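None of the values given here were measured: they were computed from a predicted structure.
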Amino acid sequence: MQYSLYLFDFDYTLANAETAIVKCYRTVILRYGHPDVPDDLIKRGIGRGINEIFKTLTGVEDEAVLNQYSDEYMREADIYMANETFLYPSVIPVITELKRRGKKLGIISNKLRRRIMETLHKNDIADFFDIVIGSADVANLKPAPDGILKAIAELGVGIDDAVYIGDSPTDAQTAQNAGVAFAAVTTGATTADELRAFPHVAVIADLAELL
């Protein structure tokens, strides 16, 4: 797989933060009297916007209420997220080799950039990435193509020279909407068969297969 720009999703693609994420969502929904939900329902929403996930978990449609839940989630995440987010074992070897080959690297996520940067700095890999775009850096969250298109424009790379690597239908739709190649990795809550239903150049079990 040869591209000049490799753009990555964050949660379930580069890092696993599911323990903290599940804890934060569950704390908020129970605090406001909603029924408990299975872990898998929360996990399958990871990577979508926070309000969208709360909408699925609670059935609430009121944006003001969803914003309140989101604010509560953020406060919980400030407590747990940094210490309970771990890179997958292949990440550092893969991005090291891609940089050695002269590739540009970026992260496009619906997570806040500062949370992504906490993990990158903790693992001493922040300098490997040429651009990191989080939820507050674009007008529209994934699956809108804003983040990918912004990265391509700022890094001066052609659409055909970029690939987006992610773990979910949201990631696949984002790549499709941006007109870039999509490589799916099965380290998340979406199966290989589910990911193969979307246009893709690869479905891999481990990021090491990018090399």
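Residues T186 and I204 form no side-chain contact, since every pair of their non-hydrogen atoms from C-beta on lies 4.5 Å or further apart. Residues P169 and T190 have side chains in contact (heavy-atom distance under 4.5 Å, counting atoms from C-beta outward). Between L149 and I159, the closest side-chain pair of non-hydrogen atoms falls below 4.5 Å. The closest side-chain heavy-atom distance from E63 to K55 is below 4.5 Å. Side-chain contact between T174 and I108 is absent, with no heavy-atom pair separated by less than 4.5 Å. With contacts defined as side-chain heavy-atom distances shorter than 4.5 Å, the pair R31/R26 does not qualify. With contacts defined as side-chain heavy-atom distances shorter than 4.5 Å, the pair I116/L120 qualifies. A 4.5 Å side-chain heavy-atom check between R115 and F10 finds every atom pair outside the cut-off.
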message: Show, in sequence, the C-alpha distance, side-chain angles and deciding distance for E84 and K23, and conclude whether the side chain to side chain contact (heavy atoms under 4.5 Å, CB included) test is met.
response: CA-CA 11 Å; E84 298 186 20; K23 185 185 302 180; 3.0 Å; yes
CA sep, side-chain torsions, deciding dist, call: H34, Y69, ring-ring contact (aromatic ring centres under 6.0 Å, His included): CA-CA 12 Å; H34 296 286; Y69 291 175; 5.5 Å; yes
- prompt: Are R75 and D78 close enough, and set up right, to give a salt bridge (Lys or Arg N to Asp or Glu O under 4.0 Å), and what steps lead you there?
  reply: CA-CA 5 Å; R75 283 191 281 272; D78 284 338; over 6 Å; no
query: Does the pair L195 and H200 meet the rule for a side chain to side chain contact (heavy atoms under 4.5 Å, CB included), with working shown?
result: CA-CA 8 Å; L195 291 166; H200 60 274; over 6 Å; no
query: Would K122 and E118 satisfy salt bridge (Lys or Arg N to Asp or Glu O under 4.0 Å), going step by step from the backbone distance to the final call?
result: CA-CA 6 Å; K122 183 173 71 174; E118 285 174 344; over 6 Å; no
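In this structure, L66 is a member of the same hydrophobic cluster as L30, with clusters built from ILVMFWY side-chain heavy atoms closer than 4.5 Å. Residues L105 and I152 do not share a hydrophobic cluster, clusters being chains of Ile/Leu/Val/Met/Phe/Trp/Tyr side chains in contact below 4.5 Å. Cluster annotation: Y164 is not connected to Y3 through the hydrophobic network of ILVMFWY side chains, with a link wherever side-chain heavy atoms come within less than 4.5 Å. Hydrophobic clustering (side-chain heavy atoms under 4.5 Å, transitive across Ile, Leu, Val, Met, Phe, Trp, Tyr) groups I125 together with I165. V138 and L5 end up in the same hydrophobic cluster when Ile, Leu, Val, Met, Phe, Trp and Tyr side chains are linked at under 4.5 Å.
The only member of V60, N67, V65, T56 that meets side-chain contact (heavy atoms from CB on, under 4.5 Å) when paired with N51 is N67. Partner of N110 under the side-chain contact (heavy atoms from CB on, under 4.5 Å) criterion, chosen from I46, D11, L141: L141. Partner of L14 under the side-chain contact (heavy atoms from CB on, under 4.5 Å) criterion, out of T187, V185, I107, D167: I107 alone.
Using modelled atom types, no side-chain atom of N16 and backbone atom of Y12 make a donor-acceptor pair closer than 3.5 Å. Panel note: side chain R44, backbone A189; a donor-acceptor pair is recorded below 3.5 Å. Remark: side-chain polar atoms of K99 are not paired, donor with acceptor, to backbone N or O of D127 under 3.5 angstrom.
Seen from the ring of Y6, K103 does not count as a face-on cation partner, given the 6.0 Å and 45° thresholds.
Between T170 and Q173, the side chains place no donor N or O within less than 3.5 Å of an acceptor N or O (distance only, hydrogens not considered). Using modelled atom types, one finds a donor on one side chain and an acceptor on the other under 3.5 Å when comparing S168 with D171. With 3.5 Å as the limit, one finds no donor-acceptor pair spanning the side chains of E76 and Y25.
Atom CG of N83 sits about 11.5 Å away from atom CD1 of I79, to the nearest 0.5 Å. Between S90 atom OG and I95 atom CD1 the span is 11.5 Å, to the nearest 0.5 Å. The distance from the CG atom of D39 to the CD1 atom of I21 is 12.0 Å, given to the nearest 0.5 Å. Remark: E209 CD to L211 CG distance equals 10.0 Å, nearest 0.5 Å. Distance CG/L7 to OG1/T13: 12.0 Å, rounded to 0.5 Å. To the nearest 0.5 Å, atoms CZ (F86) and OG1 (T19) are separated by 7.5 Å.
The minimum heavy-atom distance linking A15 with T85 is given by the pair CB-CG2, 3.8 Å. Heavy-atom minimum distance, S135 versus L112: OG-CD2, 3.5 Å. For L210 against A183, the heavy-atom pair with the smallest separation is CD2-CB, 4.5 Å. Taking each heavy atom of C24 and M81 in turn, the nearest pair found is SG-CE, 4.5 Å.
The residues R113 and D137 are annotated as salt-bridged, a charged nitrogen and a carboxylate oxygen being separated by less than 4.0 angstrom. Ion pair D161/K104 not flagged as a salt bridge, since none of the NZ, NE, NH1 or NH2 atoms sits closer than 4.0 Å to an Asp/Glu carboxylate oxygen.
For an aromatic pair to be called close, the ring centres must be under 6.0 Å apart, and F198 with F182 fails this.
Ring geometry, F8 versus F129: the interplanar angle exceeds 60°, so the pair is classed perpendicular (tilted spans 30 to 60°).
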